[in-house]
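Please read the structure below before turning to the comments.
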Amino acid sequence: MQIRIVVAASENNIIGLDNELPWRLPDDLRFFKKMTLGMPVVMGRHTWESLGKPLPGRLNIVVSSRMEQAPEEGTQVFSGLEDALDYLRGQEYEEVAVIGGGQLYHAALAYTQVVYLTRVHTVLEKGTAFFPVLPPEEWQLTWEERHEADDKHLYPFTFQKWERK
Ligand SMILES: NC(=O)c1ccc[n+]([C@@H]2O[C@H](COP(=O)([O-])OP(=O)(O)OC[C@H]3O[C@@H](n4cnc5c(N)ncnc54)[C@H](OP(=O)(O)O)[C@@H]3O)[C@@H](O)[C@H]2O)c1
């Protein structure tokens, strides 16, 4: 089973502020949907709380040691990331997407083969959640496509695909 991470991070690796996204980038949300549709999405409890409802068309897996039961239909809760991944392997999924937030990305990176990183071209001053640095000796950039700022997108950004060497 392949594990992909899908994330958007500023130049200084900030991904969240006060349990929300630090920006509104509709074309990145569209890209996120394309990169996750049809596969299970795995998220930490804070990200679940920030979404507030399951992402449609995808099995939503929440990792939490505190939540006891699945909050809504279409979601499942596991007390650890490894338990969640073992369950998904048993269901014979070919690929799953880890969709945040900071804590879950840090825990999942070791199991991950591909990272779809939207690099948002700004250095933010404040952040409360972070993406780990991808060590260049372990990861190579295999594709990228730039998106300029416009009236709907305050910052320019670049979609990047990173693959484990
Ligand atoms: N820019 C992006 O692409 C992106 C994507 C997603 C989220 N975000 C942002 O990221 C922020 C949230 O990130 P976060 O780091 O605060 O929280 P998070 O990773 O979403 O959730 C953390 C919680 O998940 C559970 N958890 C995480 N890893 C675990 C593990 N290995 N084993 C067991 N439980 C684990 C724990 O829940 P319990 O305390 O219940 O045990 C932990 O308190 C928000 O601001 C959100 O908007 C950004």
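Every number for a ligand or one of its atoms is a count from 1 in the order of the listing. Every heavy atom of this structure was used, including side-chain atoms; hydrogens, water molecules and symmetry mates were not.
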Quiz item: Atoms of ligand 1 less than 4.0 Å from L17 heavy atoms?
Solution: 45 (O)

Self-check item: Closest protein heavy atom to atom 7 (C) of ligand 1, given as residue, atom name and distance to 0.1 Å
Solution: T47 OG1, 3.3 Å

Quiz item: At their closest point, which heavy atom of L104 faces which heavy atom of V98, and how far apart are they?
Solution: CD2-CG1, 4.0 Å

Exercise. Identify which of V62, V77, N19 has a heavy atom lying nearest to atom 44 (C) of ligand 1.
Key: N19

Practice problem: Run the numbers for me: atoms of ligand 1, each under 4.0 Å from some heavy atom of S65, listed by number. | Solution: 38 (P), 40 (O), 41 (O)

Practice problem: Among all protein heavy atoms, pick the one closest to atom 39 (O) of ligand 1 and tell me residue, atom and distance. | Solution: R45 NH2, 3.0 Å

Quiz item: Which protein heavy atom lies closest to atom 16 (O) of ligand 1, and at what distance to 0.1 Å?
Solution: H46 ND1, 2.9 Å

Exercise. Would you check if the distance from the ring center of Y116 to the ring center of F159 is below 6.0 Å?
Key: no

Quiz item: How far is atom 47 (O) of ligand 1 from its nearest protein heavy atom, and which residue and atom is that?
Solution: E20 C, 3.1 Å

Quiz item: Tell me, which protein residue and heavy-atom name are nearest atom 28 (N) of ligand 1, and how many Å apart are they?
Solution: L104 CD1, 3.4 Å

Self-check item: Where ligand 1 meets R66 - atom numbers and elements under 4.0 angstrom, heavy-atom basis
Solution: 39 (O), 40 (O), 41 (O)

Practice problem: Just go through Y105, W48, F131, W23 and tell me whose heavy atom is the nearest to atom 5 (C) of ligand 1. | Solution: Y105

Practice problem: Starting from atom 35 (C) of ligand 1, locate the nearest protein heavy atom and write down its residue, its atom name and how far away it is, to 0.1 Å. | Solution: V63 CG1, 3.6 Å

Quiz item: Should the pair E95-R4 be classified as a salt bridge under the 4.0 Å nitrogen-to-oxygen rule?
Solution: yes

Self-check item: Evaluation steps, ring-ring contact (aromatic ring centres under 6.0 Å, His included), between F157 and H147
Solution: CA-CA 5 Å; F157 49 93; H147 186 301; 4.3 Å; yes

Quiz item: Taking the non-hydrogen atoms of M43, is any one of them nearer than 4.0 angstrom to ligand 1?
Solution: no

Self-check item: Closest non-hydrogen atom pair, V6 against Y105
Solution: O-OH, 2.7 Å

Quiz item: Does any N or O atom in G101 lie less than 3.5 angstrom from one in ligand 1, N or O only?
Solution: yes

Quiz prompt | Under 4.0 Å to a heavy atom of S79 - the qualifying atoms of ligand 1, by number | solution = 33 (C)

Exercise. Below 4.0 angstrom from a heavy atom of A129, which ligand 1 atoms are there? Numbered from 1 as shown, please.
Key: 10 (O), 11 (C), 13 (O)

Practice problem: With heavy atoms of G102 as the reference, note each atom of ligand 1 found under 4.0 Å away. | Solution: 13 (O), 14 (P), 15 (O), 19 (O)

Practice problem: For A107, counting its heavy atoms only, list the atoms of ligand 1 lying under 4.0 Å from any of them. | Solution: 31 (N)

Quiz item: What atoms of ligand 1 come closer than 4.0 angstrom to any heavy atom of I99?
Solution: 5 (C), 6 (C)

